[in-house]
Undergrad: 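My structure is below; once you've seen it, I'll send some questions.
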Amino acid sequence: MPGRANRLTARAMAHTASQPPTLDHETLYTAFTARIDAALAALEWEAALPAGCERGAVSLEPPRDPSHGDLSTNAAMVLAKQAKTSPRALAEKIVAKLAGDPLVTSAEIAGPGFINLRLADANWLNELTAIERLGVDYGRSTKGAGRRVNIEYVSANPTGPMHMGHCRGAVVGDALAALLEFAGHQVVREYYINDAGAQVATLARSVHLRYREALGEAIGAMPEGLYPGDYLIPVGQALATEWGDRYAAAPESEWLDLFRQRAVAAMMDMIRADLALLGIRHDVFASEAELQRAGKPEAAEAWLRQHDLVYDGVLEAPKGKTPEDWEPVELPLFRSTRFGDDQDRPIRKSDGSWTYFGADLAYHMQKAQGADELIDIWGADHAGTVKRIKAAVAALAEGQGRAIPFDVKLVQMVQLLRHGEPVKMSKRSGTFVTLAEVVEEVGRDVVRFTMLTRKPEAQMEFDFAKVVEASKDNPVFYVQYAHARIRSTLRKAAPEGLAPSADGLDRLGADELALVKLAAQFPRSVEAAAEAREPHRIAFYLYDLAAAFHAFWNMGNDDPAKRILTGDRALSEARLFLADQIGQVLRNGLALLGVEAVEEL
RNA sequence: GCGCCCGUAGCUCAGCAGGAUAGAGCAUCGGAUUCCUAAUCCGGGGGCCACAGGUUCGAAUCCUGUCGGGCGCACCA
């Protein structure tokens, strides 16, 4: 298993129901974080620091300038105020505690109060054996403490195949889920199917036309307002085969429910297949229609009325451009203004049926029952509804007297360009670039990595032609190439009887050590990315690691003595060991992103 | 009019919950190929971190305002 695991096994693990992490992997960064913690605790004990002082801002990082040392902490600067002393004076005390540590070769105070530590090289080389020992688990963290996180993403309306507008949220959500799992959370991946509204009724009517078409009727062009896409043709055909002309002339009331169910089922099969192309699988598909049949919105309304959070009232006319047909109506309103929204929000329409928000509110309450934290990944076009749904969860938290952390991450639009021309996407007109097309054209790994090399809350351009034509500009190849190089070297070494070995690690020099130091940052990178909920940080970390490896490799171009495979057997095996472990870190990181760690290009 | 997101090199973007001298790729200029894969690497030039205030030991990062771009502002989904 060590060294042999690939992204398939890693992802398979990620998708099994996660168990509370029990592994306590001591890696270099976690070990030193603990040591600094201990030093600060000792100072609290000696009353040099106030008891129970806030230490959340204390960090341990590699200094930007390597000449400053191996590790750097801001502890003294962050805590000086609480200790009512100067940063440098406090730093003296912390240094006194750390200097005695046998692993530390020097501890210095620098600048405004940084504490810079140097470690014996053996500490870093040990990290390589830690990587080998932990294998696919290197970087796994217990920081999430088994907290149950429900993450809802994609949730595209079941009215057609997935298009590129859905893609970014899907990839970001999936990578975030894997990241949180790796960082010690119990993760449930959820998809909310909006199968109860007017859109799916429209879908059913569109399918009914395709059904009549399949029976031989000429339907002409799809009427305005119906879904024109060809993807509904097979759905109509299947219904024709199953039911003959039974519903061809029947009134809508006789077939609407049936057609809606069949259409939604077919669309969800299609969407699941699209998601599978990206390697995405959800644990739970929650149906709005089922939610309503189960009476969840009624229960939510009753609970909210009990807490005086729903009342019957009349909304003011919308600001700005007032719709022509606007008229005041009394509706059951949720007091979202009490929790920071701009306006109270109706949970039912005037005909008594549930609004989208009314059902969604009940849905979030349901999700919150089985989770400690909620995360929604939404498209930026839903930004306007964030406040109300956050208000709903806040109301629930208040009513239950427990904290329910709830993040809505807004994923900004992707502007798809083809040869410089913006490609317009609209489901209704039937002109959209499907996700399947893009994956087929540029590949899953390119799509995923590209979506993850930008922070999600910034708009991005996906220049189609550029991605296809100039593949070398794509960071994903750069990272994969580093991994492929490592694997290729190992393959080349094997017939010569050379195998990775930790025996001669002391032969490694400064160039190798720099690489090790970067690899050793993976666990801390995982924790930071999970904490910030920003999977893109992993992508950038991997790019840096790959760049460092390529640089190391290229030294061998000028100086054969610096190649991994040299005439020196022991040195070669030590360098193979190093390369093998760098490969392991690349695999672990790529697994989090759902990008394949290829054996060769 | 209001709300949310964004504004960092010519372009595309990072900047690790406030840290040390602002980073990478592309583009541009100058170099490297008897090489374990050049799908690569090394070096140069290029910045008022949109602008103006504020908070503090310290701000690209936090707060306020202005300007610019995007998204949204129904009982839609």
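Note on naming: letters A, B, ... go to the chains in the order of the sequence lines (proteins, then strands), and numbering restarts at 1 for each one.
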Undergrad: Pick the P atom in U66(B) and in A27(B), then give their distance to the nearest Å.
TA: 41 Å

Undergrad: Give a yes or no on whether a donor-acceptor pair under 3.5 Å exists between the nucleobase atoms of C75(B), that is its base, and the side chain of R348(A).
TA: no

Undergrad: Ignoring backbone atoms, test whether H68(A) places a side-chain nitrogen or oxygen under 4.0 Å from the OP1 or OP2 oxygen of U21(B).
TA: no

Undergrad: Whether K367(A) and E152(A) form a salt bridge (side-chain N of Lys/Arg under 4.0 Å from carboxylate O of Asp/Glu) is what I want to check.
TA: yes

Undergrad: According to a cutoff of under 5.5 Å between the ring centres and under 30° between the ring planes, does H382(A) stack with the base of G72(B)?
TA: no

Undergrad: State plainly whether the residues D37(A) and R55(A) are in salt-bridge range, i.e. N to O under 4.0 Å.
TA: yes

Undergrad: Identify whether the distance between the nearest side-chain nitrogen and carboxylate oxygen of K455(A) and E534(A) falls below 4.0 Å.
TA: no

Undergrad: With a distance cut-off below 6.0 Å to the six-membered ring centre and an angular limit of 45° from the axis, does R524(A) pair with Y29(A) as a cation-pi contact?
TA: yes

Undergrad: Has the side chain of D381(A) got a donor or acceptor that lies under 3.5 Å from a partner of the other kind on the base of A77(B)?
TA: no

Undergrad: Look at the side chain of S72(A) and the backbone N and O of N116(A), then say whether any donor-acceptor pair between them is shorter than 3.5 Å.
TA: no

Undergrad: Return the pairing partner of U64(B) with a 3.5 Å limit on both distances, Watson-Crick or G-U wobble; otherwise return none.
TA: A52(B)

Undergrad: Scan nucleotides 2-12 of chain B nucleotide by nucleotide, 5' to 3', and note B when protein non-hydrogen atoms come under 4.0 Å of the base, S if they reach only the sugar-phosphate, - if neither.
TA: -SSSSS----S

Undergrad: When you get a sec, tell me which of C41(B), G19(B), A14(B) is the closest nucleotide to the side chain of F114(A)?
TA: G19(B)

Undergrad: On a whole-Å scale, what distance lies between the C1' atoms belonging to U61(B) and A22(B)?
TA: 12 Å

Undergrad: What's the gap between U37(B) and G44(B) when it is taken at their P atoms, as a whole Å value?
TA: 30 Å

Undergrad: Check E301(A) with R305(A), please: is the shortest side-chain N to carboxylate O separation under 4.0 Å?
TA: yes

Undergrad: Ignoring hydrogens and angles, are the base of C16(B) and the side chain of S525(A) linked by a donor-acceptor pair under 3.5 Å?
TA: no

Undergrad: I'd like the P distance from G10(B) over to G47(B), given in whole Å.
TA: 7 Å

Undergrad: Both S67(A) and A196(A) contact RNA chain B. Taking the nearest nucleotide for each, which residue is further toward the 5' end?
TA: S67(A)

Undergrad: Of the candidate nucleotides G19(B), C41(B), G15(B), which contains the atom at the shortest distance from the side chain of E534(A)?
TA: G15(B)

Undergrad: With P as the reference atom in both, quote the distance from A60(B) to G18(B) in angstrom, rounded to an integer.
TA: 13 Å

Undergrad: When the P atoms of G43(B) and A24(B) are considered, how many whole Å apart are they?
TA: 9 Å

Undergrad: Taking the C1' atom in each of C73(B) and U55(B), what is the distance between them to the nearest angstrom?
TA: 33 Å

Undergrad: Could you give the distance separating G15(B) and G3(B) at their P atoms, to the nearest angstrom?
TA: 27 Å

Undergrad: Would you say a side-chain N or O of R485(A) is under 4.0 Å from OP1 or OP2 of U37(B)?
TA: no

Undergrad: Quick check: on RNA chain B, is the nucleotide nearest E61(A) upstream (toward 5') of the one nearest H550(A), or the reverse? Name the residue that is more 5'.
TA: E61(A)

Undergrad: Looking only at side-chain N and O atoms, does W553(A) come under 4.0 Å of OP1 or OP2 in U37(B)?
TA: no

Undergrad: Does S72(A) make a side-chain donor-acceptor contact with the base of A20(B), cut-off 3.5 Å?
TA: yes

Undergrad: Looking at T450(A), is its backbone amide N or carbonyl O close enough to the side chain of T453(A) to form a donor-acceptor pair, meaning the two atoms are under 3.5 Å apart?
TA: yes

